[in-house]
Structure formats: structure tokens, C-alpha cells
Asker: 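Below you'll find the structure I mean.
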Amino acid sequence: MDIKPLVSVLMTAYNRDNYLAAAIESVLASSYTNFELIIVDDGSVDNTVSIAREYKEKDSRIQLYVNELNLGDYPNRNKAASYAKGRYIKYLDSDDYLYPFGLEAMVANMEAFPEAGWGLCSLPPPGQQSYPFMLTPAAAYEYHFFGPGLFHKGPSTSIFRKEAFQGVNGFDQQRMVSDVDMWHKLALHYPVVLMGNGLVWTRSHEKQELAEVDRYIKQYEIIKWKYLKDPACPLTVAQLRSIRNKRLKRYMGFILSGIKNLNFRQVSDYAKCFYFVSKVNLKKALNKDIAR
């Protein structure tokens, strides 16, 4: 009988030969062993594939797929998920690291809240409440927009029930911003389990696209309002207005700072965001609020 693993650890890779071995070994060293490790290379031109193949030959839990064409970050994440057999999907980027008890803890936390569709870790201390705990969609949106924040985490900090991942059709295909899109989207439909630090380590290095994050600030804002105006959004119009006012005040601060420091790129970027938010139409949300 073919026994399926409970967890599918998904590792997408593109030119990560400096970090891949450490990422793979961190998964293999897990205290939790009922997993498969799926590595999907996206057309690397360095030694990434040969390194992954060496590990695959040594451990039957490892599967290796090499894309014929480069798909890009989030399409490749969806590709990796299409191979998953587990009840849970756990992403680990090929330049990140899974702590020995990380996978075991994340699975246990998800099993403790069977109604939750997904989970996020590497979050700061929550104050009076200890981890793990679950947030409903309404509570998740309030936690993000009026609390410590939630929808800014990277894929390595996430774990999904596969049915929830499939239920929202996986990641969107926008470069750099589709993780933010995913958290907003998932939180509309599924409770989330919040977990603390010490489960995964996300590496910072010069080849990451994170250095370019300021190029995408308007796209982040567009994503926010796409979901804030969605009929399923659990926030009230009063809360939406409060969010809009705070965003405008924040962007005006960046604009004035840019003028003061003669940083005209900053002025231009944040002026575009200010203009976009100022034009957000809450009429549909108002109708939704009245219907309640």
C-alpha cells in the first residue's frame, strides 16, 4: 500500500547552489519525519540541479523536478504544489533554513486547530496571548490593519492545508507581491494559526529580490484595496475609512521626507501611492455595510 506523507515540503530553486545544500539538510534533520521534499528547479544555470540530484539519490523522500522553461517565482511555487501528496504544504525557500523542531511544531499547531486553513510563523511576541492561537477572518484582518501586522510574511513562514491552498487557486502570478496577495486572499476565507519564532530562519543576502521591494509599493497598495473592497471583507466601512486616512497620512510623511532630503524618486513613488489611495471608492463597501 502506498502511504502518503502528511507534509509536502516544497522547495523552489533558481541559481541557489551556494545555499541549497544547507536548506535541504535542514529539512532532512527535522525531528518530524513523515514528509516528502519536493524540489523544483526553474532552469538554473549553476550547480543547483546537480546538488539537488546528489541528495535525491541518497534519500527516497526527495523528489526533483526541472522545468523545461523558466516559470518565475510564484508560478513555480504553484507548479511545486501540483506535485504535493501531503495533507499539508510547507514552503521552504532554497536559501532559507528549517530548524530541527520547526516542521514538527508547525504540524502540531495546525493539527490543534483543524478548522484553520493556513498558518504563519516567525511572528513577534503577541502581548498577553501565547502562541499558537487562531484568528478568524475578521480577527485576522483587524490584527493586520489595526494590530501588529500579519500579511507581510514570506512563503517560508507559511504552512497550508492543501485543500485551502487549492480552494483559493494557489498563488497569483505577480512578481514579488503574490505572497502578500495570498495572505489577504486566504484570510477572507479561512482562519489562520499564528506561531512564534524559532521554527524557520529566513536568510538575507545580496542576490535576493527584497532589495528591490520599494519598486513594488504601489502594487502592494493595489492588492490591499482589492481585498479591502471585496464583498467578503469582514471590516466595516468606518474601519476602511480609518485605514485609508492612515495610509494617506503615512504617504504624505514619506513625500515630505523625500522633498526635505531631495530624494525625488521617493517623492515620485509615494506620490503615486498617495494619489491611488485618495481615489479609492468605498461606495460598494458602503452598500455592503448597509446590507449587514
Asker: So, the side chain of Ser178 versus the backbone of Gln174: is there a donor-acceptor pair under 3.5 Å, distance only?
Answerer: yes
Asker: Side-chain contact test, heavy atoms from C-beta onward, threshold under 4.5 Å: evaluate it for Ile217 versus Tyr270 and give yes or no.
Answerer: yes
Asker: Any sub-3.5 Å donor-acceptor pair from Thr48's side-chain atoms to Tyr14's backbone N or O?
Answerer: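 Such a contact is absent between Thr48 side chain and Tyr14 backbone.
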Asker: Would a line drawn from the ring center of Tyr143 to the ring center of Tyr141 be shorter than 6.0 Å?
Answerer: no
Asker: Taking a hydrophobic cluster as the set of Ile, Leu, Val, Met, Phe, Trp and Tyr residues connected by side-chain heavy atoms closer than 4.5 Å, whether directly or through intermediates, do Val192 and Met134 fall within one such cluster?
Answerer: no
Asker: Is the shortest side-chain heavy-atom distance between Lys229 and Val280 below 4.5 Å?
Answerer: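 SC-SC contact between Lys229 and Val280 confirmed.
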Asker: Has the side chain of Asp42 got a donor or acceptor atom that lies under 3.5 Å from a matching backbone atom of Gly72?
Answerer: yes
Asker: Look only at the side chain of Asn78 and the backbone of Gly170, and say whether a donor-acceptor pair between them is shorter than 3.5 Å.
Answerer: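 Side chain of Asn78 to backbone of Gly170: no pair is present.
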Asker: Closest approach of Trp201 and Asp96, non-hydrogen atoms and distance?
Answerer: O-CB, 3.3 Å
Asker: Run the ring pair (Phe, Tyr, Trp, His ring centres under 6.0 Å) check on Tyr88 and Phe35 step by step: do they pass?
Answerer: CA-CA 9 Å; Tyr88 295 105; Phe35 66 83; over 10 Å; no
Asker: Could you tell me whether the side chains of Glu221 and Tyr251 share a donor-acceptor contact shorter than 3.5 Å?
Answerer: yes
Asker: Closest heavy-atom contact between Leu98 and Ser30?
Answerer: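 For Leu98 versus Ser30, the nearest heavy atoms are CD2-OG, 3.5 Å.
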Asker: Looking only at side chains, do Glu163 and Tyr190 share a donor and an acceptor under 3.5 Å apart?
Answerer: no
Asker: Quick check: Phe101 with Tyr99 (ring centres under 6.0 Å apart)?
Answerer: no
Asker: Return the minimal non-hydrogen interatomic distance between Val180 and Phe151, and the atom names on each side.
Answerer: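 It is CG2-O, 3.7 Å.
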Asker: Find out if a path of hydrophobic residues (ILVMFWY) with successive side-chain heavy-atom gaps under 4.5 Å connects Trp225 to Met176.
Answerer: yes
Asker: Return yes if some donor-acceptor pair links the side-chain N/O of Gln219 with the main-chain N/O of Tyr216 below 3.5 Å, else return no.
Answerer: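 No; judged by distance alone, with no hydrogens or angles, the pair does not exist.
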Asker: Treating Thr12 as the side-chain partner and Val40 as the backbone partner, does any N or O pair qualify as donor plus acceptor under 3.5 Å?
Answerer: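 Checked: no pair found.
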Asker: Could you tell me if the side chain of Arg61 sits less than 4.5 Å from the side chain of Leu37, heavy atoms only?
Answerer: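 No, side chains not in contact.
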Asker: Applying a strict under-4.5 Å side-chain criterion to I, L, V, M, F, W and Y, I'd like to know whether Tyr32 and Phe160 cluster together.
Answerer: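 No, separate clusters.
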Asker: Report yes if some heavy atom in the side chain of Leu103 is under 4.5 Å from a heavy atom in the side chain of Leu92; otherwise report no.
Answerer: no
Asker: Measure the spacing between CG of Asn76 and CG of Leu69 and express it to the nearest 0.5 Å.
Answerer: 11.5 Å
Asker: How long is the span from the OG atom in Ser26 to the CE atom in Met11, to the nearest 0.5 Å?
Answerer: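 Answer rounded to 0.5 Å: 6.0 Å.
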Asker: Looking only at heavy atoms, which two atoms of Gly86 and Glu36 are closest? And how far apart?
Answerer: N-OE2, 3.8 Å
Asker: Under the 3.5 angstrom rule, does the side chain of Lys185 hit a backbone N or O of Val168 as a donor-acceptor pair?
Answerer: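 Yes, because the side chain of Lys185 sits within donor-acceptor range (under 3.5 Å) of the backbone of Val168.
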Asker: By the definition salt bridge (charged side-chain N to carboxylate O under 4.0 Å, His left out), identify the one residue from Arg77, Arg203, Arg16 that meets it with Asp93.
Answerer: Arg77
Asker: Between Lys224 and Val277, is any pair of side-chain heavy atoms under 4.5 Å apart?
Answerer: no
Asker: Would a 4.5 Å heavy-atom cut-off, applied to side chains only, mark Leu135 and Phe113 as touching?
Answerer: no
Asker: Donor-acceptor pair, His184 side chain versus Tyr227 backbone, under 3.5 Å?
Answerer: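 No; judged by distance alone, with no hydrogens or angles, the pair does not exist.
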Asker: Tell me if a side-chain donor or acceptor on Ser257 pairs with a main-chain N or O of Phe254 at a distance below 3.5 Å.
Answerer: no
Asker: What verdict does the ring pair (Phe, Tyr, Trp, His ring centres under 6.0 Å) test give for Tyr131 and Phe133, after you've listed the backbone C-alpha separation in whole Å, the side-chain angles of each residue and the deciding distance to 0.1 Å?
Answerer: CA-CA 5 Å; Tyr131 291 122; Phe133 59 90; 5.5 Å; yes
Asker: Return the minimal non-hydrogen interatomic distance between Gly154 and Trp183, and the atom names on each side.
Answerer: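 Looks like O-CZ2, 4.0 Å.
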Asker: Can you tell me how far the CG atom of Leu199 sits from the OG atom of Ser156, to the nearest 0.5 Å?
Answerer: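 Result: 12.0 Å between the selected atoms.
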Asker: Testing the basics here: between Thr157 and Lys90, what is the closest heavy-atom pair and its distance to 0.1 Å?
Answerer: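 In terms of heavy atoms, the two residues are closest at N-NZ, 4.3 Å.
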Asker: Kindly compute the distance separating CZ (Phe165) from OG (Ser158), expressed to the nearest 0.5 Å.
Answerer: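 It comes to 8.5 Å.
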Asker: For Met106, run the side chain to side chain contact (heavy atoms under 4.5 Å, CB included) check against Val193, Leu120, Ile159 and tell me which one passes.
Answerer: Ile159
Asker: Verify, without hydrogens or angle tests, whether Ser94 (side chain) and Leu20 (backbone) share a donor-acceptor contact under 3.5 angstrom.
Answerer: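 Looks like no, no N/O pair under 3.5 Å.
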Asker: For a 4.5 angstrom cut-off between non-hydrogen side-chain atoms, does Leu28 reach Lys58?
Answerer: no
Asker: Do the side chains of Ile24 and Tyr65 join up, straight or via other hydrophobic residues, at under 4.5 Å, putting them in one cluster?
Answerer: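 Shared cluster, no.
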Asker: Distance from Ser44 atom OG to Asn70 atom CG, nearest 0.5 Å?
Answerer: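 If we round to the nearest 0.5 Å, Ser44:OG and Asn70:CG are 8.5 Å apart.
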Asker: How long is the straight-line distance from CG of Leu6 back to OG1 of Thr33, given to the nearest 0.5 Å?
Answerer: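 Going from the OG1 atom of Thr33 to the CG atom of Leu6 covers 10.5 Å.
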